[in-house]
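Below: one structure, written as structure tokens.
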Amino acid sequence: MSNNVYDVAYGLEKAVRESDDFKNLQHLYKEVFADESTKRMFENFRNIQLELQQKQMTGQEISQEEVEQAQQTVALVQQNPSIAKLMEAEQRMSMMVNELNKIIMKPLEELYSAENQN
């Protein structure tokens, strides 16, 4: 594997770290974690989210009660302006990472689609 590919990857990491979206996300995390009650609310939300994702990934059934609890928690955290801004910033970063992944994976997608046409 060429060192050039790794150099480019580290350059991309640096570009992400220096991006306005990442800097905004860092700032919003600090803001949320600076207030103890907001921090607890956010951590509770994250824990519920992780539990449901783990159940989903392992094929366990998610009860209606768990779905309702998650919906109530989402509604609650979205009423907190700091957490709502943080969630929006996380969504923007997620979209950036997805776009970067699409760009990086394009050569493989092209290769496999060309293989399937033969």
Side-chain angles (χ1 to χ4, degrees):
M1 175 76 56
S2 169
N3 282 344
N4 185 37
V5 172
Y6 292 108
D7 292 342
V8 171
Y10 285 116
L12 184 56
E13 176 201 12
K14 183 179 180 188
V16 169
R17 286 182 189 276
E18 293 174 356
S19 72
D20 289 340
D21 284 337
F22 183 76
K23 288 177 181 179
N24 184 46
L25 182 63
Q26 277 184 311
H27 168 75
L28 293 169
Y29 258 103
K30 288 177 185 175
E31 187 177 296
V32 165
F33 280 78
D35 180 81
E36 191 58 39
S37 65
T38 303
K39 175 185 172 186
R40 275 197 308 271
M41 185 186 300
F42 182 73
E43 287 176 337
N44 181 51
F45 166 70
R46 283 288 188 236
N47 289 337
I48 290 170
Q49 196 176 38
L50 287 173
E51 285 175 25
L52 293 180
Q53 285 175 349
Q54 286 175 343
K55 280 189 167 191
Q56 202 171 30
M57 289 173 63
T58 58
Q60 296 178 47
E61 182 120 358
I62 298 171
S63 71
Q64 185 62 33
E65 182 181 319
E66 289 172 315
V67 170
E68 289 171 7
Q69 180 188 10
Q71 289 172 341
Q72 289 172 356
T73 304
V74 167
L76 181 65
V77 298
Q78 286 179 335
Q79 291 175 9
N80 181 300
S82 297
I83 295 175
K85 288 178 194 172
L86 176 59
M87 291 170 69
E88 289 172 19
E90 286 179 329
Q91 184 64 33
R92 280 193 301 279
M93 283 299 302
S94 178
M95 289 169 40
M96 178 197 300
V97 169
N98 286 338
E99 286 298 313
L100 292 172
N101 191 47
K102 284 180 190 176
I103 294 166
I104 292 167
M105 296 306 292
K106 192 170 184 169
L108 291 174
E109 288 176 19
E110 290 173 354
L111 174 68
Y112 294 137
S113 67
E115 285 293 319
N116 289 331
Q117 291 175 0
N118 292 333

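The residues of the chain are indexed from 1 along the displayed sequence. Since the model is a prediction, treat every value here as computed from it, not as a measurement.
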Euclidean distance, [Y] [atom2] relative to [X] [atom1], rounded to 0.5 Å:
X: I62; Y: Q56; atom1: CD1; atom2: CD; value: 5.0 Å
X: T73; Y: F42; atom1: OG1; atom2: CZ; value: 13.0 Å
X: Q69; Y: Q71; atom1: CD; atom2: CD; value: 11.0 Å

Side-chain touch L86/Y29, heavy atoms, less than 4.5 angstrom: yes

Side chain proximity check, R40 to N44, heavy atoms < 4.5 angstrom: no

Closest non-hydrogen atom pair, V32 against S82: CG2-O, 3.7 Å

Atom CG of N98: over 12 foreign heavy atoms under 6.0 Å: yes

Contacts of E61 that satisfy salt bridge (Lys or Arg N to Asp or Glu O under 4.0 Å) - sequence neighbours left out: none

Listed partners of E13 passing salt bridge (Lys or Arg N to Asp or Glu O under 4.0 Å), at least two apart: R17

Applying salt bridge (charged side-chain N to carboxylate O under 4.0 Å, His left out), which residue pairs with at least one partner in [range] are found, sequence neighbours left out?
range: residues 83-99; value: D21-R92, R46-E90, E99-K102
range: residues 64-80; value: K55-E66
range: residues 22-31; value: none

Cluster companions of M95 among Ile, Leu, Val, Met, Phe, Trp, Tyr (side-chain spacing under 4.5 Å): none

Apart from V97 itself, residues in the same hydrophobic cluster as defined by side-chain heavy atoms under 4.5 Å: none

Residues F22, Q26; criterion side-chain contact (heavy atoms from CB on, under 4.5 Å); working and verdict: CA-CA 6 Å; F22 183 76; Q26 277 184 311; 3.4 Å; yes

Donor-acceptor pair, side chain of S19 and main chain of V16, under 3.5 angstrom: yes

Taking side chain to side chain contact (heavy atoms under 4.5 Å, CB included) as the definition, give me every residue that meets it alongside [X], ordered by chain and number, with sequence neighbours left out.
X: E43; value: F33, K39
X: A70; value: I48, L52
X: T58; value: Q60
X: L108; value: M105, Y112

All side chain to side chain donor-acceptor pair (under 3.5 Å) counterparts of D35, not counting sequence neighbours: S37, T38

Same cluster (ILVMFWY, side-chain, under 4.5 Å), M87 and M96: yes

Option from L50, V74, L76 for which side chain to side chain contact (heavy atoms under 4.5 Å, CB included) with F45 holds: V74

